[in-house]
Number of protein chains: 2
Amino acid sequence: MPTSIVDVAKLAKVSISTVSRVINRSDLVNQRTRARVESAIKQLNYQPNAFARGLMLRRSDIVGLVLPDLHGEFYSEIIRGANLKARHLGYNLVVSSARDGDDSHSLLRAIQQRALLDGVAVMVSELTDRIAEVLAAFPLPYVVLDGEIDGTPHDSIVIDQRHGAVALMRHLVGPAGAKRIIFVGGLATNVDTIARLEAYRQVLAESGLPQEASDVYHLDYEYETAYRLAREHVRAWASAGCCVFAANDEMAAGIVAAASEAGLNVPRDLAVAGFDDTRVARMTRPPLTTVRVPMAKMGAQAMELLCQRIADPQRPRMQISLQPELVVRESCGTALRRAADQPAPA
Amino acid sequence: MPTSIVDVAKLAKVSISTVSRVINRSDLVNQRTRARVESAIKQLNYQPNAFARGLMLRRSDIVGLVLPDLHGEFYSEIIRGANLKARHLGYNLVVSSARDGDDSHSLLRAIQQRALLDGVAVMVSELTDRIAEVLAAFPLPYVVLDGEIDGTPHDSIVIDQRHGAVALMRHLVGPAGAKRIIFVGGLATNVDTIARLEAYRQVLAESGLPQEASDVYHLDYEYETAYRLAREHVRAWASAGCCVFAANDEMAAGIVAAASEAGLNVPRDLAVAGFDDTRVARMTRPPLTTVRVPMAKMGAQAMELLCQRIADPQRPRMQISLQPELVVRESCGTALRRAADQPAPA
DNA sequence: TGCTGGATTGAAAGCGATGTCAAAGAACTG
DNA sequence: CAGTTCTTTGACATCGCTTTCAATCCAGCA
């Protein structure tokens, strides 16, 4: 029922080839003919059929971004960066989330089955063997976001978490002058927690601070949980001259809240640091010292890499590593300050 | 280069018609033949070409969701609800954001131009004439999210903000016992702010509380701004027996923080209410009384409506109105409590 | 044996675009 | 004016699938 190229051709009294040329801005069509065709197109409100077009061209100029979940700022930052870059590169971006009653495996399959995309960037919460397997047989150009840092056989963008966490820890033992550091992380199996915990241990070791197993807590990345834990410990921590390194900003915020309620002054009595530099980091009093993970950049780089792969499927795989950045705010007692209160550059 | 239906047919020694039947689970193909074809498909790792398929079927089973922006929890909630529902209805959902160097108009155009979608749900920050015009000429089934409540010529889902704000205000003047209410909103031109402010005025009027122009502040929905404002006023507000109605949770959180710092007890000295019931609402001490906007539901309803429209393009337009829900937590002094601390049902 | 009819299968006609190639004029050269 | 080139146009094959529609096979039946 919708108008096709044939209708336009008829109305303009030309062949479909000519119409096609006009659409694709080929320059071998006469000015007057072009005008006639264009007016016919307008008159019929004609839109080329994308399926037919894609069938011939074998491309849609659309790339996908699959995230494990759409909650949280990380993801919207990634999307923002990816979107912008994709558009610069001449692609449209569509986003899909994997969770919600469906695991990433089956999502990949869905996309794979009816791929109308030229490529996808996938971020998975865990790069399991199953998923790796699916990817290996993936019929589409793809890149992996935040994959493993060591020789995966995929194009990927990785964040050097370890590096960021080390920087933060060094700040705590250095300028912030911690005598003892409490680590509050997520589950012990969580890859992010693992990386951050390793950095924690490394810096404690290299600076000769005490490493007590009881200084490490494994929670669930939630505000409320950290708040409850802190309520029981803040006084003890404060009197022991501790700093707290929370593995994300939300937990750090919960700890700051508990400390304030206990009448402690952050950072004087208890310094607290977070991780991720999400919106919450600026929503505590005082705002949090944290580590900014360059999410927007990650999205952008992913698109860049993806488009290179689309352009040249033979190109050898690449891994790009991104460095997080230490953001010093008032929650860790120090004179150091940085012009870091602006949103990350796109 | 990728395998096509012809390759499968050859390998299985059947015609492409038969392969097609197997793919589409037609039941008029012999068991043994089917098995042969299926094994060939597996062996070749064959995936039907989605363009060719779409060209014939005139559908892709993919629907789109276009949001003005992907920041914030609203959006992820909408996406969550929409995703789930879309899948139930047999569609895949892709999401696109409109902002970021591109206005929604041009995004719509992009989608429109190369539509591979069966339909879209669009949410625009402002339903300007320009956009309405684009929509009117839209060649695809679509629904509008959070459009205007009065007779737009589109299928749309609207949230009855007014209703929610009235419920909250009545709670403040009733159980919370406010003598005077401060309104902290966004820009005076913002549609959300306008609706909430109207409710504010209405309830003040009906309950005979004072309406001072100076009790209404127009900020920018940001935590920091509200915090700064509150720092100057909280003591005065508290001693006047005020409640604060902030037009979103972030500003409410900023106000709570300022009050706590000033040594005031929330809610005893100053009651504060927010709006939206975002994650932040549970990240203040005490947690915020607020209004939950049923975002997930909105997404789901949008998909439902969209799919109905796709199924029957002739169906008359529909408007669906969704009611927000008052969520009472400790930030407004009251004995009233509700089982409202769980995440919204999907 | 010859027919009817159900179960399978294949041949071929699109779907709506792109792109190749040749044809038709127009313009230019000798 | 014939021959050559350039510009502009149209015919038609093609992409990979779905979907008639007809053909084939074989059982059942008179």
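Reminder, nothing fancy here: chain letters follow the sequence lines and each chain counts from 1.
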Could you tell me the separation between the CZ atom of B:R59 and the P atom of C:dG16, rounded to a whole number of Å?
16 Å
Using five base pairs at each end to define the local axes, how bent is the helix from C:dT1-D:dA30 to C:dG30-D:dC1, to the nearest 10°?
60°
Rounded to whole Å, the CG-P distance (A:L55 to D:dC15) equals 9 Å
A:Q47 CD to C:dC15 P, straight-line distance once rounded to whole Å:
20 Å
Are OP1 or OP2 of C:dC15 and a side-chain N or O of B:R58 less than 4.0 angstrom apart?
no
Would you list the protein and nucleotides 23-28 of chain C atom pairs, both N or O, that sit under 3.5 Å from each other?
none

Would you mind telling me which residue lines up with the more 5' stretch of DNA chain D, B:I5 or A:R36, judged by nearest nucleotide?
A:R36
Output yes when a side-chain donor or acceptor of B:N83 lies under 3.5 Å from a complementary backbone atom of B:I79, and no otherwise.
no
Identify the two heavy atoms, one from B:I159 and one from B:P294, that lie closest to each other, and give their separation to 0.1 Å.
CD1-CD, 4.0 Å
Whole-Å distance between C:dG14 P and B:F51 CZ?
25 Å
Between A:D118 and A:R59 (salt bridge meaning N to carboxylate O under 4.0 Å), is one present in this structure?
no
Round to a whole Å and report the spacing from CG of A:N49 to C1' of C:dT18.
13 Å
Taking atom C1' of D:dC17 as reference, at what distance in whole Å does atom CG of B:L116 sit?
16 Å
Below 4.0 angstrom from OP1 or OP2 of C:dT18, is there any side-chain N or O of A:N24?
yes
Minimum heavy-atom separation for B:D61 to B:G90, with atom names?
CB-O, 4.0 Å
For B:G64 and B:M303, which heavy atoms make the closest approach, and how far apart are they?
O-CE, 4.3 Å
With a 4.0 Å cut-off on heavy atoms, is A:S4 in touch with a base, just the backbone sugar-phosphate, or nothing at all?
sugar-phosphate
So, for A:N49 and A:A52, which heavy atoms are closest and what is the spacing to 0.1 Å?
OD1-N, 3.0 Å
Whole angstrom is fine here: how far is it from CE in B:M56 over to C1' in C:dC15?
6 Å
Using 0.5 Å steps for rounding, measure from the CG atom of B:L305 to the CD atom of B:Q319.
9.0 Å
A:R315 backbone acceptor or donor facing A:R309 side chain under 3.5 Å:
yes
Does either side chain, that of B:R36 or that of B:N30, offer a donor lying less than 3.5 Å from an acceptor on the other one?
no
B:S60 (side chain) donor-acceptor with B:G54 (main chain) under 3.5 angstrom
no
Take B:L57 and B:A52, find for each the nucleotide of DNA chain D with the closest heavy atom, and name the residue whose nucleotide sits nearer the 5' end.
B:A52
Sugar-phosphate or base contact per nucleotide [nucleotides 5-10 of chain C; S, B, -; heavy atom under 4.0 Å]:
---SBB
Report yes or no: does A:N45 contribute a side-chain atom to a donor-acceptor pair with the main-chain N or O of A:K42 at less than 3.5 Å?
no
Any donor-acceptor N/O pair, B:S96 side chain to B:L67 backbone, under 3.5 Å:
no
